[in-house]
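Side chains included, hydrogens not; waters and symmetry mates left out as well; all remaining heavy atoms used. Just follow the structure's listing: the first ligand is 1, and inside any ligand the first atom is 1.
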Amino acid sequence: MDLKEIEKKIEDLRKTINQHNYSYYVLDQPTITDQEYDELMRELIQLEEQYPQFQTPDSPTQKVGGQPLPYFEKVEHKVPLLSLGNAYNEQDLYEFDRRVRQVADNQEVRYMVELKIDGLAVSLTYENGLFVMGATRGDGTTGEDITQNLKTIRSLPLRLNEPVTIEVRGEAYLPKKEFERINRIREERGEPLFANPRNAAAGSLRQLDPKIAAERGLDIFLYGIGTIEGKELSSHSEGLNYLEQLGFKVNKERRLFTNIDDVISFVKEWTTKRPTLPYEIDGMVIKVDSYPLQRALGFTAKSPRWAIAYKFPAEEVVTILEDIEVNV
Ligand SMILES: CC(C)(C)c1nc(N2CCN(c3ncccn3)CC2)c2cc(C(N)=O)c(N)nc2n1
């Protein structure tokens, strides 16, 4: 094959593997066996090593993790990542609704309700559709650059379906099954166990060696847009649908409601359905859907007036006595 044909071969391999990644990790619909996938990856890694001039930043080979870093750079978020006010019972939700309707006057109020994924909040920056930087939320203003580790998340697109410049927010998390697998390995190695999937996700994303992060089966749901160039959106629900169009993984259990009573019954439904999820959630997030109404409601010192987190009551930790290793 001449160089032109080799470049074409590498490009075709890259597109095919990225398509399989999207089907498998974003749509949860595998399109080839792991065997076939590994074979394609092996071929692409080998060709890119032989012809480095044809390597591109969006190649799936970039997901296997590069060299360990000595430390993480600090990054300033262009738009601060806010906190969330908390609601602990129905009364708090009725109160939230009353405050929203005070400002909404007689306009229709729509609420988007989402599962509150129990992971680590991160910010992803894309320039002309290419993933260029990812950072932890940190204190909301300053985070840490963990781009290398975030690249290893299989469902995180390295190239979007449109060449947009956008900064998005989401929750990186560890599925329950991955958490149990990782702790089993740590137990065999006599290493300290992670207390819960959130700590395991944070610990994995703060690894300086991306090859360790790549072994950890991390995943991510995107839930917000920080900044976007050249696109006018009128509501949060429209924004989330647009993120899905771009190729991001957005949680499907979200729903729109026009009254707080339906929000409350949805929250109750998930309080009982929670154990059936393959990942942990620690509540629900209720957001005013309309961007103009969000702007009218504005923010308190650290959190929006147009959103609230409903926290599930902490699961009573029933420790079965015989399970406790009493080290005498
Ligand atoms: C954009 C807003 C502010 C409305 C917002 N903020 C969130 N969070 C803020 C507080 N965060 C935070 N994290 C650490 C310390 C303090 N606050 C953690 C993310 C959201 C978290 C989730 C989720 N987990 O699934 C979600 N579906 N939507 C969110 N929406």
Side-chain angles (χ1 to χ4, degrees), residues 77-87 93 96 99-100 110-124 134-144 146 150 153 155 166-176 196-203 205-206 218-228 233 235-244 248-257 263 266-267 270-271 273-274 277-291 293-312:
H77 299 299
K78 287 202 184 63
V79 174
L81 279 82
L82 300 168
S83 295
L84 271 173
N86 288 326
L93 291 177
F96 171 71
R99 283 197 311 272
V100 167
R110 279 187 327 280
Y111 290 118
M112 169 66 95
V113 185
E114 302 163 15
L115 302 183
K116 187 168 183 295
I117 311 301
D118 194 6
L120 193 77
V122 293
S123 154
L124 309 179
T136 61
R137 175 184 183 284
D139 62 6
T141 308
T142 309
E144 289 181 322
I146 54 166
L150 288 167
I153 296 179
S155 68
I166 186 171
E167 185 257 320
V168 293
R169 283 93 197 270
E171 201 84 0
Y173 69 94
L174 205 64
K176 290 174 184 169
N196 54 52
R198 174 168 34 81
N199 290 7
L205 283 167
R206 275 208 287 270
L218 288 158
D219 206 341
I220 188 168
F221 283 119
L222 284 307
Y223 59 64
I225 297 173
T227 57
I228 181 166
L233 295 160
S235 70
H236 175 61
S237 49
E238 190 192 356
L240 293 187
N241 295 341
Y242 180 57
L243 291 185
E244 275 187 320
F248 287 113
K249 186 170 185 174
V250 180
N251 195 282
K252 293 226 166 312
E253 306 304 345
R254 60 190 190 271
R255 261 189 30 216
L256 273 173
F257 298 98
V263 167
F266 189 62
V267 165
W270 277 107
T271 308
K273 278 168 62 177
R274 184 178 174 194
L277 287 165
Y279 44 80
E280 290 210 349
I281 61 173
D282 61 344
M284 308 291 280
V285 187
I286 298 105
K287 306 172 183 180
V288 165
D289 189 45
S290 149
Y291 280 163
L293 183 49
Q294 286 186 7
R295 281 191 287 273
L297 284 157
F299 305 88
T300 68
K302 60 182 184 50
S303 55
R305 285 202 186 86
W306 43 265
I308 197 159
Y310 176 86
K311 303 284 281 188
F312 289 142

* Asked: Which of the listed options, Ser83, Ala309, Gly140, Gly119, holds the heavy atom that is closest to atom 3 (C) of ligand 1?
  -> Ser83

* Asked: Is Leu120 near ligand 1, meaning one of its heavy atoms is under 4.0 Å from it?
  -> no

* Which bit of Val285 gets closer than 4.0 Å to ligand 1, counting heavy atoms only: side chain, backbone, both or neither? -> side chain

* Asked: If you measure only the distance, is there a donor-acceptor pair under 3.5 Å linking the side chains of Ser237 and Arg255?
  -> no

* Structure fact -> re atom 10 (C) of ligand 1, the protein heavy-atom contact at minimum distance is Leu82 O, 3.6 Å

* Within the side chain of Arg137, is there an N or O that forms a donor-acceptor pair under 3.5 Å with the backbone of Leu81? -> yes

* Under 4.0 Å, heavy atoms only, figure out whether ligand 1 is touched by the backbone of Lys116, its side chain, both or neither. => both

* To do: Return yes when atom CZ of Arg206 has more than 12 non-hydrogen atoms of other residues, nucleotides or ligands closer than 6.0 Å, and no otherwise.
  => no

* To do: State plainly whether the residues Arg169 and Glu167 are in salt-bridge range, i.e. N to O under 4.0 Å.
  => yes

* **Criterion salt bridge (charged side-chain N to carboxylate O under 4.0 Å, His left out) on Glu253 and Lys116, from CA distance to verdict** => CA-CA 10 Å; Glu253 306 304 345; Lys116 187 168 183 295; over 6 Å; no

* Could you tell me whether some N/O pair between Ile117 and ligand 1 is separated by less than 3.5 angstrom? => yes

* Structure fact -> salt bridge (Lys or Arg N to Asp or Glu O under 4.0 Å) with Glu114: of Arg254, Lys287, Lys252, only one passes, and it is Lys287

* Does Trp306 reach ligand 1, in the sense of a heavy atom lying below 4.0 Å from it? -> yes

* Structure fact -> Quick note on ligand 1: atoms under 4.0 Å from a heavy atom of Lys287 include exactly 4 (C), 28 (N), 29 (C), 30 (N)

* Numbering as shown, the atoms of ligand 1 that approach Glu114 to under 4.0 Å (heavy-atom distance) -> 26 (C), 27 (N), 28 (N)

* Provide the number and element of each atom of ligand 1 under 4.0 Å from a heavy atom of Leu115. => 25 (O), 27 (N)

* No-hydrogen, no-angle side-chain donor-acceptor test under 3.5 Å, Asp282 and Tyr310 -> no

